[in-house]
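What follows is a single structure, written as structure tokens, with notes after it.
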Amino acid sequence: MREIRQLNEEHIDAYTDIAFNAYPSFKNLEKDAVEKYKKIAVEIMTNDPDVTFYGMFEGEKLIAVMRLFDFRMNCFGKILPVSGIGFLGVHLMHKKEKCAKTMIEFYEEIYKKKGTPIGMLLPFRPDFYKRMGYGMGTKMNQYRLPPDRIPAYFGKSDLRYVEKEDFDKLFDCHSRVVAKKHGMIMKIGDEIRDLKNDPYNKIIGNYDEKGNINGYLVFKFQNAKDGNYTINNIYIKELIYENTDVLKKLLGFLRKQDDQVNLVVFNTEDENFHYLFDNPLNDSLNYIPYGYIESNTQAVGAMYKLFDIKQAFEQCSHRNYNNSNLKVRFLVYDELNNKEIEIVVNFIDGIVNTDSEKFDVTMRTNMANFSSLFLGSTSVIGMYNLGLLELDNVEFLEDIDRTFYCSQKPVCYTDF
């Protein structure tokens, strides 16, 4: 008999064994490292109210584990509760027994009952989660640039190392930026612990005239050439700024490091980031026919799912769908439960009403694609042109595309 239960400190040895064997390449298996991992996990279990550990038991034997996260995320300009699942691992002797699928179902049911219809995860295999209805979010871009290509800044600035007593100011700055960016998540415990405790972190803040932080950099130095300690890169962990003037100052600081830094490595979901540079080409020297030279590498990451479509529309009722006046019937195939969901949405001057029965047009797609569309990761026309959604009347294509148009794709910089 299998049962999923909340974990506590008494399960830490079995939890750690599964976690280390599920992702062995990420772990230091020496005894001291294992004990340190246990200590951190127990601290999170007992002191972090936004993270809950669960495990699947076969009798009294732990065979699968996961952590569930209670996030606060900017959804179209309003901070809303959103859930996340992470650290999902299955015992090596119980692979291919649908343990992970059962854990996912358990997770989704918890948050449906809580009235939190939007969930997210960072996939180890996107296809596994897409088959369960999770849609891809915005891609991450990595730029690797010599400092002398970064714009210089010649104005006055008040850049300083951020000391621990000013961390609250730093977190306040982050929260203000989250309030402006669709998809961003408020700082979680793991991020705060890493920021405070990683001895390799270098934290530079820009202070305004009132002594508040309105932008900051978190970075670390990385050796760029084995056997040569003089060749170093700067790896940017966070680049947070409240306005473009602060961005210019922070970039100007990076430009000044060109005497001892080989490359600056940026990770960003800003699709316009390359416009900052006269020459955005990276160090790969890769060529793509015809006449294109590599500027950055891309990666898929955050995936989203709507556990309840009607609830999701109602939770995001503050969103104006571009003053649209349109009645749409959505037929959405729920991959996890193998059923089609029908919902009619009446957009009245851009405001959603989910109690309508009459409709102008029917759109059919699956939950993964609809979730990406709902969050603004993609467009109706983009999906339609790839054959990933169908309309019973194509004359409404541009109307529906305008309805769901969002000027800002969701961004996620949270590691969980």
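We number each residue from 1, following the sequence as shown. Below, all heavy atoms of this structure are taken into account, side chains as well, without hydrogens, waters or symmetry copies.
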Say you draw a straight line from [atom1] of [X] to [atom2] of [Y]; how long is it, rounded to the nearest 0.5 Å?
X: L121; Y: S83; atom1: CG; atom2: OG; value: 9.0 Å
X: K38; Y: I12; atom1: NZ; atom2: CD1; value: 7.5 Å
X: K187; Y: D50; atom1: NZ; atom2: CG; value: 14.0 Å
X: M367; Y: F307; atom1: CE; atom2: CZ; value: 10.0 Å
X: Y107; Y: M66; atom1: OH; atom2: CE; value: 9.5 Å
X: E269; Y: S377; atom1: CD; atom2: OG; value: 9.0 Å

Distance-only donor-acceptor check, side chains [X] and [Y], under 3.5 Å:
X: D208; Y: N214; value: no
X: E238; Y: Y216; value: yes
X: D70; Y: Y111; value: yes

Identify whether the distance between the nearest side-chain nitrogen and carboxylate oxygen of [X] and [Y] falls below 4.0 Å.
X: K36; Y: E30; answer: no
X: R125; Y: D127; answer: yes
X: D172; Y: R176; answer: no

Are [X] and [Y] side-chain neighbours, meaning at least one heavy-atom pair lies under 4.5 Å?
X: I150; Y: F266; value: yes
X: I104; Y: I85; value: yes
X: I234; Y: K202; value: no
X: N21; Y: H91; value: no
X: R402; Y: S324; value: no
X: L195; Y: H174; value: no
X: I188; Y: F71; value: yes
X: L254; Y: L217; value: yes

Closest approach of [X] and [Y], non-hydrogen atoms and distance?
X: R67; Y: A41; answer: NH2-CB, 4.4 Å
X: K220; Y: D198; answer: NZ-OD2, 3.1 Å
X: I240; Y: L250; answer: O-CD1, 3.7 Å
X: F359; Y: K327; answer: CA-CB, 3.6 Å
X: P146; Y: L263; answer: N-CD2, 3.6 Å
X: F374; Y: A312; answer: CZ-O, 3.5 Å

(request) Show your working on side chain to side chain contact (heavy atoms under 4.5 Å, CB included) between Y413 and M140 and close with a plain yes or no. (result) CA-CA 9 Å; Y413 296 112; M140 182 71 73; 3.9 Å; yes
Is the backbone N or O of [Y] less than 3.5 Å from a side-chain atom of [X], with the two atoms forming a donor-acceptor pair by type?
X: H182; Y: F76; answer: yes
X: S371; Y: Y134; answer: no
X: N201; Y: D194; answer: yes
X: S372; Y: M136; answer: yes
X: N74; Y: A179; answer: yes
X: N233; Y: Y235; answer: no
X: K305; Y: M132; answer: yes
X: H11; Y: Q6; answer: no
X: N197; Y: R193; answer: yes
X: N325; Y: D349; answer: yes

(request) Kindly determine whether M73 and L80 satisfy side chain to side chain contact (heavy atoms under 4.5 Å, CB included), including the steps that lead there. (result) CA-CA 5 Å; M73 185 175 95; L80 298 177; over 6 Å; no
Does a sphere of radius 6.0 Å around [atom1] in [X] hold more than 12 heavy atoms from other residues, nucleotides or ligands, not counting ones at 6.0 Å or beyond?
X: Y287; atom1: OH; answer: yes
X: E340; atom1: CD; answer: yes
X: K95; atom1: NZ; answer: yes

Specify whether [X] and [Y] have parallel, tilted or perpendicular ring planes, treating 30° as the upper limit for parallel and 60° as the lower limit for perpendicular.
X: F69; Y: F416; result: perpendicular
X: F221; Y: F219; result: perpendicular
X: Y143; Y: F277; result: tilted

(request) Test E105 against K101 for salt bridge (Lys or Arg N to Asp or Glu O under 4.0 Å), laying out the working first. (result) CA-CA 6 Å; E105 291 171 333; K101 179 176 182 289; 2.8 Å; yes
(request) Evaluate side chain to side chain contact (heavy atoms under 4.5 Å, CB included) for V178 paired with I79, printing each intermediate quantity in order. (result) CA-CA 8 Å; V178 170; I79 306 300; 3.9 Å; yes
(request) Begin with the C-alpha distance, continue with both residues' side-chain angles, and end with the deciding distance and a verdict on side chain to side chain contact (heavy atoms under 4.5 Å, CB included) for L239 and T268. (result) CA-CA 9 Å; L239 172 57; T268 178; over 6 Å; no
(message) Set out, in order, the CA-CA distance, both residues' side-chain angles and the distance that settles side chain to side chain donor-acceptor pair (under 3.5 Å) for Q142 and N296, then state yes or no.
(response) CA-CA 5 Å; Q142 185 173 96; N296 59 286; over 6 Å; no
(request) Take E108 and K112, measure what salt bridge (Lys or Arg N to Asp or Glu O under 4.0 Å) needs, and give me the verdict at the end. (result) CA-CA 6 Å; E108 293 185 8; K112 272 195 274 190; 5.4 Å; no
(request) Kindly confirm or rule out a cation-pi arrangement of K181 over Y241, judged by NZ or CZ under 6.0 Å from the six-membered ring centre and within 45° of its axis? (result)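 Ring-cation test returns yes.
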(request) Validate the cation-pi geometry between R319 and Y321: distance from NZ or CZ to the six-membered ring centre under 6.0 Å, angle to the ring axis within 45°. (result)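 Yes, R319 lies over the aromatic ring of Y321.
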Solution key, residues 383-392 side-chain donor-acceptor pairs under 3.5 Å, sequence neighbours excluded:
unit_1 : atom_1 : unit_2 : atom_2 : d
N385   : ND2    : I381   : O      : 3.3
D392   : OD1    : T362   : N      : 2.9

(request) Pick out which of T297, N282, D283 makes a side chain to side chain donor-acceptor pair (under 3.5 Å) with R144. (result) D283
(message) Checking D245 against K249 for the salt bridge (Lys or Arg N to Asp or Glu O under 4.0 Å) test, could you report, in this order, the C-alpha distance in whole Å, the side-chain angles of both residues, the deciding distance, and whether it holds?
(response) CA-CA 7 Å; D245 189 49; K249 294 175 182 179; 3.6 Å; yes
(message) Pair E314, T354 - check side chain to side chain donor-acceptor pair (under 3.5 Å), show working.
(response) CA-CA 8 Å; E314 291 170 352; T354 57; 3.3 Å; yes
